[in-house]
Amino acid sequence: MPRRYWLMKSEPNRFSIDDLRAAPQGIAPWDGARNYQARNLLRDRVKAGDGVLFYHSGTATPGIAGIAEVVRAGYPDHTAWEANGEQFDPKSTPARPVWYMVDVRFVEKFRQLIPLAKLKTTPGLEGMEVARRGSRLSVQPVSRSEWEIVRRIARNMDPG
DNA sequence: GCCAACGTTGGC
DNA sequence: GCCAACGTTGGC
């Protein structure tokens, strides 16, 4: 089966690419999605081995911070069961989980973040979901060509 | 702080 | 089932 590619958003105040790198073995769950479209992707489509563009949102300059890899496909998001947690959702139970998460592993931090504004003006990326106005989905499919273009930008932005 | 986009909730 | 009100995301 061909490898798929995804863009996953994270607010770096909460969990940044540096936090992912610092996690044991560079592996951490990507959890907390509470949207059914995102849930369906996490549960049904995101597989181990898939590539991830790690996106920082909610910052002065949002953009792609680096690369990660999915190491565990969708499984129930147990943070929804933690009654005092921020991500608690009484609709979800261990017997009938509603929300799903995946595990990702740190691969690479770009030496310079690729700003959203840059994505929007890059030929070949105009159609990227994240470049759309009002794009809110926290996990988004990325095409192979979009993936390649982003990686090329990252290489070109790296001095030397 | 503002506002666009859009998902969710709840009255009917 | 419709739709207005409301809440959240997230860029600017």
Side-chain angles (χ1 to χ4, degrees), chain A residues 4-23 28-46 50-68 70 73-104 106-143 145-147 149-154 156-157:
Chain A
R4 290 192 173 96
Y5 304 97
W6 307 97
L7 180 144
M8 295 187 189
K9 296 181 185 173
S10 189
E11 294 182 22
N13 305 342
R14 295 176 62 94
F15 194 82
S16 71
I17 193 150
D18 292 322
D19 295 325
L20 180 61
R21 175 160 55 188
W30 190 86
D31 59 28
R34 295 292 181 266
N35 165 284
Y36 287 99
Q37 199 179 341
R39 187 282 305 271
N40 292 346
L41 291 173
L42 294 170
R43 186 190 58 190
D44 304 334
R45 293 272 175 263
V46 181
D50 287 355
V52 175
L53 301 177
F54 197 99
Y55 183 88
H56 282 178
S57 64
T59 58
T61 306
I64 300 170
I67 301 287
V70 178
Y75 62 104
D77 183 343
H78 53 73
T79 67
W81 310 331
E82 294 162 6
N84 294 317
E86 285 180 25
Q87 300 179 157
F88 177 63
D89 184 348
K91 287 195 301 294
S92 185
T93 66
R96 288 172 151 269
V98 174
W99 305 117
Y100 281 72
M101 60 190 189
V102 299
D103 288 352
V104 298
F106 175 85
V107 173
E108 170 187 354
K109 179 184 180 181
F110 296 155
R111 289 176 65 189
Q112 291 183 253
L113 175 136
I114 305 176
L116 173 61
K118 169 88 173 171
L119 303 177
K120 288 181 172 175
T121 59
T122 298
L125 299 184
E126 309 90 340
M128 251 185 124
E129 170 72 18
V130 75
R132 263 189 53 234
R133 193 167 141 87
S135 169
R136 297 195 310 166
L137 195 59
S138 56
V139 49
Q140 311 178 348
V142 169
S143 73
S145 72
E146 290 164 350
W147 172 268
I149 292 168
V150 167
R151 303 217 63 172
R152 193 173 68 228
I153 294 170
N156 291 345
M157 288 174 82

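As the structure is a prediction and not an experimental result, all values here were calculated from the model. Throughout, protein chains are lettered first and strands after them, A, B, ... in sequence-line order, and every chain is numbered starting at 1.
Rounded to whole angstrom, the span from the CZ atom of A/Arg132 across to the C1' atom of C/dC12 amounts to 17 Å.
Summarising the geometry, atom CH2 belonging to A/Trp99 is positioned 7.0 Å from atom CZ belonging to A/Arg34; distances are rounded to the nearest 0.5 Å. A distance of 5.0 Å separates CD of A/Glu11 from OG of A/Ser57, quoted to the nearest 0.5 Å. We find the CD1-CD1 distance between A/Ile17 and A/Ile67 to be 7.5 Å, quoted to the nearest 0.5 Å.
Contacts between residues 30-42 of chain A and DNA chain B, defined by a heavy-atom separation under 4.0 Å, are made by A/Asn35, A/Tyr36.
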After noting the C-alpha distance and the side-chain angles of A/Trp30 and A/Asp103, does the key distance pass the side-chain hydrogen bond (donor to acceptor under 3.5 Å, both in side chains) rule? CA-CA 6 Å; A/Trp30 190 86; A/Asp103 288 352; over 6 Å; no
For nucleotides 4-10 of chain C, give me every protein contact, N/O to N/O, under 3.5 Å, one pair per line with atom names.
from   : atom 1 : to       : atom 2 : distance (Å)
C/dT8  : O2     : A/Arg136 : NH1    : 2.4
C/dG10 : OP1    : A/Lys9   : NZ     : 3.1
C/dG10 : OP1    : A/Arg136 : O      : 3.2

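With respect to A/Arg14 and A/Glu86, a salt bridge is recorded, a charged nitrogen being found less than 4.0 Å from a carboxylate O. Salt-bridge annotation for A/Glu146 and A/Arg151: absent, with no side-chain N of the basic residue lying under 4.0 Å from a carboxylate O of the acidic one.
Checking A/Asn40 against A/Tyr100 by side-chain atom types alone, no donor-acceptor pair falls below 3.5 Å. For the residue pair A/Ser92/A/Trp81, the side-chain donor-acceptor check at 3.5 Å is satisfied.
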